Protein chains: 2
Amino acid sequence: MTEHAQQVLPGSAVGDGTAPARPSTLRKVQQIFDAARTVFLEFGYDASSMEVIAKRAGVSKATVYAHFTNKEDLFEAMIRQECQGIADGIYQPDANSEDLAGELRKMARNVTALFAGGDGLAVYRILVPVAPRFPRLGEVFYAEGPLSGRENFAEFLRLAHQRGRLKIPNPTLAAEQFMSLIRGDLALDAMLLVAPRPQEEVEALIEGGIAVFLNAYRADPAPQSTGGPQPPH
Amino acid sequence: MTEHAQQVLPGSAVGDGTAPARPSTLRKVQQIFDAARTVFLEFGYDASSMEVIAKRAGVSKATVYAHFTNKEDLFEAMIRQECQGIADGIYQPDANSEDLAGELRKMARNVTALFAGGDGLAVYRILVPVAPRFPRLGEVFYAEGPLSGRENFAEFLRLAHQRGRLKIPNPTLAAEQFMSLIRGDLALDAMLLVAPRPQEEVEALIEGGIAVFLNAYRADPAPQSTGGPQPPH
DNA sequence: GTCTATATTGTGATAGAC
DNA sequence: GTCTATCACAATATAGAC
C-alpha cells in the first residue's frame with residue numbers, strides 16, 4: 001500500500017510556521033472543501049471554476065487561495081479525501097459463513113449498488129478524463145477502490161479453497177472474474193447513458209453471474225486440471 | 001437503430017445555398033477535422049481550444065467557424081465520424097466454424113485488443129465527462145460499439161444453442177457475461193493507470209474466461225434448469 | 001485571515017478586408 | 001472562402017486594505 005493521505009486538510013498543519021488555526025478558520029476550510037467536492041463532482045475538473053467554488057463555500061476567491069495553493073491542489077486534496085471513504089463502502093465477505101452462495105450474493109449486490117449512481121462512480125467519472133494529468137490520483141483511487149475490493153475477495157476465495165468448499169487454483173483471477181461477471185456493462189451504461197439499467201436485468205446479472213461462477217469453480221464435479229477450470233485446449 | 005450521421009463533413013452539402021465546394025476547401029475541411037480529432041482525443045472537450053485546433057489544422061480560427069457553427073458542433077461531428085469506424089473493429093464470429101473454442105478465443109483476443117490503447121478507448125475517455133452534456137453522443141457510441149458487438153455475439157450464441165453445441169437459455173445475458181469475463185478490469189486499468197496490464201495476465205483472462213464460460217454453458221454435462229446455468233437456489 | 005478590486009491571460013465567436 | 005484584427009467575457013491568480 002502507498003502512503004495514505006492522513007492529513008488532507010491544510011491550514012492547521014503543525015510546524016508550518018503559521019499560528020494554530022482558529023475555529024472559524026477551520027470551519028471555512030471545511031466549507032471550501034465541501035463546496036469543492038460538490039462542484040468538482042458535478043462538473044468535472046476543467047468545467048469547474050474557483051469562482052463558483054468560492055461562491056458556494058460562502059467565501060471569497062482570495063480565501064480559497066489562502067488555504068490551497070491553486071486549483072490543482074484543491075482538486076487533489078478533495079479526491080484524496082474522497083478515496084479514503086470508498087474502501088468503507090466495499091462489502092467484506094465472511095469466510096466463516098456456511099452459506100457460500102449467500103455470501104457471493106451479498107458481494108454481488110454490493111457491486112451492483114456501487115455502480116448504481118453511488119459516490120465512487122462520481123469520482124471515477126471525473127477522474128477518467130484527467131487521469132493522464134493526475135497519475136497519482138488514478139493510482140490512489142484504483143488502490144483504495146477496485147484493487148482493495150478485489151484482494152479482499154480473493155482472500156475470501158483462497159480460504160474457501162483451502163476448506164474445500166470451492167476449487168480455485170487462481171484466487172486473484174477468480175476474484176476479478178466474479179466482479180466482472182456481476183458488473184457486466186453496468187459501469188459502461190452508467191457512464192454513457194442517462195437511463196439506468198432496469199432492475200430485472202441487474203437481478204439477472206447477479207443470479208446469472210453467481211451461477212456461472214459456482215458452475216466453474218465448485219469443488220465437487222468432474223476433475224479439473226490446474227491453472228483454471230476446464231482448459232478447453 | 002438511430003439514424004446514422006451519414007454526412008458528417010459540412011461545406012459541400014447539397015441545397016444549403018452555397019456554391020459547390022472547391023477542392024482546396026474540401027481539403028481544408030478535412031484538415032480541420034483531422035486536427036479536431038487529434039486535439040480533442042488528447043485533451044478532451046473542455047481542455048481543447050478552437051485556437052489550438054485551428055493552428056494545428058494550419059488555418060485561421062475564422063475558417064474553422066466558417067465550416068462548423070461552434071465548438072460543440074465540431075466536437076459532435078468528430079465523435080460521430082469516429083463512432084462509425086468503431087463497429088468495423090469488432091470481430092464477427094463465424095457461426096459455421098467447427099472450432100467453437102477457437103471462435104471464442106478470436107472474439108476474446110479482439111476484446112482485449114480493443115482495450116489495449118485502441119481508438120475506441122480514447123473516444124470513451126473523452127466522452128465520459130461530457131456524456132450528460134451530449135447525451136446523444138453517449139448513445140451513439142454505445143450503440144455502435146458495445147451494443148453492436150454484444151448483439152452480434154448474442155446471435156452467434158443463439159445459433160450455437162440451436163445447433164446443440166452450447167446450452168444457452170439467455171444469449172443476451174451470456175454475451176454480456178463473456179465480454180465482461182474477458183474484459184475483467186482491463187478497461188478500468190486503461191482509464192486510471194499508466195502502466196498497461198502485463199501480457200501474461202491478459203492471457204490468463206482470455207483462457208480463464210473461455211474456460212469459465214464453456215464450463216457454465218456447455219451442452220453435455222449435468223442437467224440444468226431454465227433461466228441460467230445451475231441456479232444455486 | 002478575509003475581503004474587494006484588479007492584473008493578466010486565454011477563450012469562443014465575429015467584423016470586415018481581400 | 002480565407003485571412004487579420006478584435007470584441008466580450010470568463011478564467012486563474014494576486015495586491016493591498018482591514
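Below, chain A is the first sequence line, B the second, and so on; all start at residue 1. Computed from a prediction, not measured in an experiment: that's the story for all the values here.
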**Asked** When you check the side-chain N and O atoms of Asp185(B) and Tyr142(A), is any donor under 3.5 Å from an acceptor?
**Response** no

**Set of residues satisfying salt bridge (charged side-chain N to carboxylate O under 4.0 Å, His left out) with respect to Arg133(B), sequence neighbours excluded** = Asp46(B)

**Fill in**
Letter by letter from the 5' end, nucleotides 8-18 of chain D scores (B base, S sugar-phosphate only, - none; protein heavy atoms under 4.0 Å) ---SBBBB---

**Asked** Does Thr63(B) place a side-chain N or O at less than 4.0 Å from the phosphate oxygens OP1/OP2 of dT2(D)?
**Response** no

**Asked** Would you call Phe134(B) and Glu139(B) a side-chain contact if the rule is heavy atoms closer than 4.5 Å?
**Response** no

**Prompt:** To the nearest 10 degrees, how far apart in direction are the end axes of the helix from dG1(C)-dC18(D) to dC18(C)-dG1(D), each fit to five base pairs?
**Reply:** 10°

**Message:** Any side-chain to backbone donor/acceptor pair from Thr69(A) onto Tyr65(A)? Under 3.5 Å, distance only.
**Reply:** no

**Request:** Return the value, rounded to whole Å, for the distance between atom CZ of Arg27(B) and atom P of dG1(D).
**Result:** 14 Å

**Request:** List for me each residue that meets salt bridge (charged side-chain N to carboxylate O under 4.0 Å, His left out) alongside Asp119(B), sequence neighbours excluded, and say none if there are none.
**Result:** Arg37(B)

**Request:** Classify the ring geometry between Phe213(A) and Phe178(A) as parallel (under 30°), tilted (30 to 60°) or perpendicular (over 60°).
**Result:** perpendicular

**Prompt:** What pairs with Tyr124(B) under ring pair (Phe, Tyr, Trp, His ring centres under 6.0 Å), at least two apart in sequence or on another chain?
**Reply:** none

**N/O (side chain, Lys55(B)) to phosphate O (OP1/OP2, dC3(D)) under 4.0 Å** = no

**Asked** In chain order, what residues pass the salt bridge (charged side-chain N to carboxylate O under 4.0 Å, His left out) check against Glu203(A), with sequence neighbours excluded?
**Response** Arg109(A)

**Message:** Rounded to whole Å, how long is the line connecting atom NZ of Lys28(B) with atom C1' of dG1(D)?
**Reply:** 8 Å

